[in-house]
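Notes to accompany the following structure.
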Amino acid sequence: MGVEFGILVGPETTLFAPAEATSRRFILQLRSPQSGMSGRLNVLVVSENQSVRERLAEALPDAVGGTTTDVRVSTTDSIDTAYSELELSRVDCLVVSTHVMNEMRQPIIRTLRSDGVPLVSFERSNPSATDIENLGHVVYGAARNTVGSLDHRELFEAVNVGLAVRDLDTLELIDINQRYLDLLGADRETMLETAPSDVTANFPGYTAERATAEVKTARETGSNTFTWPMETTAGETVWIRVSLTVAELSGGRRLVSTIEDVTEERKRKRDLEAFKRAVDAVDAGVALTEGGTHVYVNETGANICGYPDAASMVGVSWHELHDETEADRINESVITALETVGRWQGEVTVRTPDGAAVPVRLSITSLVDDRSVIVFQDLAEQKERERELERSRDFLERTQRISKVGGWELDLVTESLEWTDQTKRIHDVPLDYEPSLDDALGFYVEEDRERATKLVDRCRNEGIAWEDEFRIVTDEGTELWVRTRGEPVIRNGRVAALRGTIQDVTTRRSRERELERANAELEALNRIVRHDIRNDMSVIVGWAELLEEHVDDEASDILSRILSTGRHTIEITEVARDLIETMSGDTVDTRPLPLADSLQRELAVRREAFPNATFEVEGEIPDVAVRANPLLASVFGNIFNNAAQHNEGHITVTLSATVDEDAESVVIRIADDGSGIPDSRKPVVFGKGEKGLDSTGTGLGLYLVNELVSSFGGTVHFEDNEPTGSVVVIELPLASAD
């Protein structure tokens with residue numbers, strides 16, 4: 001351009017200007033950059049000329065920097081890129097060519113805002129070495145006031161802590177003292193190139209996210225102190241205490257950090273904490289007394305003595321933990337023992353602040369200077385367990401007596417046999433009786449002894465348990481039925497013992513024999529009823545029916561009564577048969593039966609048998625199966641018979657059935673419009689032998705209904721019909737509910 005290159009200094013910018021601007025031109029004489037600023041200096045050059053950018057990028061570091069200042073120069077030809085760098089990165093000085101234009105074709109230097117970053121402009125498109133040297137002086141001077149020269153360098157290096165200064169926004173390291181470098185065993189150049197996360201030791205929880213959070217706290221509150229693991233260049237871990245402080249330095253906001261080596265301090269603290277945790281983890285109280293006063297107590301000890309925490313028990317005299325009588329007893333026994341042997345052990349009672357008594361086992365050891373270590377254990381749970389064990393033993397003893405169940409154990413190593421007290425009572429022997437296996441087998445009757453011996457040997461040799469019933473003769477000569485159970489006790493893969501129970505079942509066996517006799521008698525009665533009485537009455541009714549057409553009117557009435565009585569007798573035999581079959585077994589076998597088929601079949605029979613009665617079905621009978629057996633027909637037949645026979649005149653019987661999905665059952669309602677049942681008789685109408693005053697029945701029909709329905713797992717009861725009559729409500733379980 002043929003113009004002289006000079007330096008122009010304005011209020012906000014420093015320019016290289018043409019020579020003709022002599023009214024504002026002067027030459028600056030600056031001291032060498034090497035004697036001033038320390039740390040790193042970032043310079044951004046903006047020029048449209050690539051050769052200028054390359055030359056300044058190469059020459060400016062030497063022109064500006066020195067032994068204590070590391071100058072980094074980046075370049076761009078775009079003002080947009082320059083703005084992005086200003087926003088996202090640390091820029092300590094902006095060097096802009098006056099030839100860079102904005103969108104209005106105006107020099108960008110006139111409108112460029114650098115937000116506090118020093119701005120230096122230049123015009124020459126081919127600067128000489130002198131121009132670049134002068135430019136370096138200007139950049140140095142501009143950046144010096146912003147970055148900070150740290151003129152108090154001696155103080156910076158003299159402090160006995162590591163000290164570092166970072167840019168608050170970018171966290172880029174600006175300066176660092178030698179103490180900081182020594183702690184990490186690193187040199188200045190390495191630290192300037194290293195991010196804090198790179199020197200963080202690998203410890204769980206000490207992450208980049210946590211470090212970011214610590215810095216955020218310092219930014220928000222102005223300061224923050226924390227401990228952090230650092231890794232030296234030698235690979236060793238150093239724990240440091242970091243103190244972060246936000247400060248205004250050299251015209252900018254900086255993050256000042258100090259670090260101290262607390263590795264040994266932390267180790268001692270951790271050792272102390274580990275010891276304290278170990279003491280606190282002991283399932284016993286630990287205390288240290290001096291002159292009879294507690295100077296240390298662990299948390300367990302404070303808890304045992306009823307204090308809210310260990311600190312609240314410090315300063316409490318041991319006398320305050322006991323009532324006067326107990327304190328005197330302890331004082332008399334402890335002092336002598338400590339003076340002679342240096343320790344004492346025993347049980348005492350501690351009185352908590354709220355007055356509760358706690359049994360405690362103490363172990364006291366004397367130390368020098370009138371100090372003692374006390375270890376004490378709460379015996380409350382142990383005492384309670386002992387009381388509970390005694391109660392359990394008493395309960396077990398009473399239970400054995402009531403249930404007549406005893407226990408036994410045969411040790412196969414020592415061949416010793418132990419009986420509980422109840423086992424001895426069953427055998428009518430004294431409670432101090434000590435049996436052998438041969439003695440025990442000797443109580444069995446001769447016919448059962450060999451079988452019992454084989455079961456014991458098989459359990460001993462093969463580990464096979466047993467449960468069976470035998471007859472024994474007690475020591476007093478009484479014959480009993482007993483049920484014994486034995487099982488192996490396995491230790492180390494071998495049968496080491498046999499253990500089991502013995503129960504007196506004589507009463508049950510007697511009841512079973514009585515029941516067997518009763519069932520045999522019922523079966524005989526059933527045969528008589530079914531084969532003898534019913535068959536004979538059927539013959540009588542048959543012959544009587546043949547006479548109906550051969551008798552006159554007067555005899556016809558007598559014959560009608562004979563037929564009615566005979567048919568009623570046959571009905572009685574059917575009811576008795578069903579009742580006997582129901583009562584003859586302990587359990588009733590059931591299976592799914594179609595409800596509709598059972599009801600329709602009984603309705604058809606009753607319509608034929610009772611022409612003066614009307615049998616109706618309200619709605620449809622659900623197509624479901626119920627859990628019952630063929631005697632279900634007797635249930636419905638007796639209900640229909642009861643409604644038709646026990647009401648005068650024409651009677652209407654209405655049947656309905658609904659399914660209760662929630663209860664998994666079906667509800668059958670059989671209603672009549674007869675005279676009904678008084679409320680006073682409803683609770684007893686299903687009783688055996690119960691019948692109305694005018695009833696000619698046996699009173700067994702409804703009893704049979706109730707027994708059968710109950711055996712099926714259902715219920716039956718009477719309700720009033722409106723306006724007159726009764727409703728029998730039967731609820732039966734659905735077969736699908738199984």
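Count residues from 1 along the sequence.
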Taking the basic N atoms (NZ, or NE/NH1/NH2) and the acidic carboxylate oxygens, is any pair closer than 4.0 Å for [X] and [Y]?
X	Y	result
Arg451	Asp468	yes
Arg494	Glu462	no
Glu487	Arg499	no

Does a side-chain heavy-atom distance below 4.5 Å link [X] with [Y]?
X	Y	result
Arg509	Arg511	no
Asp672	Asn721	no
Lys424	Pro430	no
Val358	Thr349	no
Tyr433	Asp428	no
Ile668	Leu732	yes
Tyr444	Val473	no
Leu417	Ser436	no

Measuring from atom [atom1] of [X] to atom [atom2] of [Y], what distance do you get when rounded to the nearest 0.5 angstrom?
X	Y	atom1	atom2	answer
Leu702	Asn706	CG	CG	9.0 Å
Ser665	Glu731	OG	CD	3.5 Å
Leu480	Arg483	CG	CZ	15.5 Å
Glu447	Arg471	CD	CZ	5.0 Å
Leu455	Leu498	CG	CG	11.0 Å
Leu631	Asn629	CG	CG	4.5 Å

Step by step, work out the side chain to side chain contact (heavy atoms under 4.5 Å, CB included) result for Phe712 and Val626.
-> CA-CA 9 Å; Phe712 300 154; Val626 295; over 6 Å; no

Smallest separation among heavy atoms of [X] and [Y], with atom names:
X	Y	value
Ala644	Ala613	CB-CB, 4.4 Å
Gly676	Ser726	CA-OG, 3.1 Å
Ala633	Glu602	CB-OE2, 3.3 Å
Ala671	Val727	CB-CG2, 3.6 Å
Ala497	Glu409	CB-OE2, 4.1 Å
Gly674	Ile651	N-CD1, 3.3 Å

Are Leu708 and Ser634 close enough, and set up right, to give a side chain to side chain contact (heavy atoms under 4.5 Å, CB included), and what steps lead you there?
-> CA-CA 9 Å; Leu708 287 172; Ser634 183; 4.1 Å; yes

Got a sec: does the [atom1] of [X] have more than 12 other heavy atoms crowding it under 6.0 Å?
X	atom1	answer
Glu479	CD	yes
Glu469	CD	yes
Glu467	CD	yes
Glu446	CD	no
Asp354	CG	yes
Glu719	CD	yes

Is a side-chain donor or acceptor of [X] paired with a backbone partner of [Y] at a separation under 3.5 angstrom?
X	Y	result
Arg449	Leu441	yes
Asp673	Thr652	yes
Ser710	Glu707	no

Side chain to side chain contact (heavy atoms under 4.5 Å, CB included) partner of Ile426, the single match among Asp421, Thr474, Ile472 |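 Among the candidates, only Ile472 passes.
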
Please report the C-alpha distance between Thr478 and Glu476 in whole Å, then the side-chain angles of each, then the deciding distance to 0.1 Å, and finally whether the side chain to side chain donor-acceptor pair (under 3.5 Å) criterion is met.
-> CA-CA 6 Å; Thr478 304; Glu476 296 182 0; 5.3 Å; no

Is a donor from one side chain sitting under 3.5 angstrom from an acceptor on the other, for [X] and [Y]?
X	Y	result
Thr654	Glu618	no
Thr484	Trp466	yes
Thr453	Asp457	no
Thr300	Asn303	no
Asp504	Thr506	yes
Thr423	Thr420	yes

Once the angle between the rings of His427 and Trp419 is folded into 0 to 90°, is it parallel (under 30°), tilted (30 to 60°) or perpendicular (over 60°)?
->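 Parallel: the ring planes of His427 and Trp419 meet at under 30°.
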
Mutual orientation of the aromatic rings belonging to Phe615 and Phe610 [parallel < 30°, tilted 30-60°, perpendicular > 60°] =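 Because their plane-to-plane angle lies in the 30° to 60° range, the rings of Phe615 and Phe610 count as tilted.
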
Arg606 vs Asn641, side chain to side chain donor-acceptor pair (under 3.5 Å): CA-CA, chis, key distance, verdict | CA-CA 7 Å; Arg606 268 61 193 179; Asn641 289 347; 2.9 Å; yes

Start with the C-alpha distance between Gln377 and Val360, add both sets of side-chain angles, then the distance that settles side chain to side chain contact (heavy atoms under 4.5 Å, CB included), and finish with yes or no.
-> CA-CA 5 Å; Gln377 187 174 11; Val360 171; 5.9 Å; no

Side chain to side chain contact (heavy atoms under 4.5 Å, CB included) between Ile730 and Val667, worked out | CA-CA 6 Å; Ile730 305 170; Val667 179; over 6 Å; no

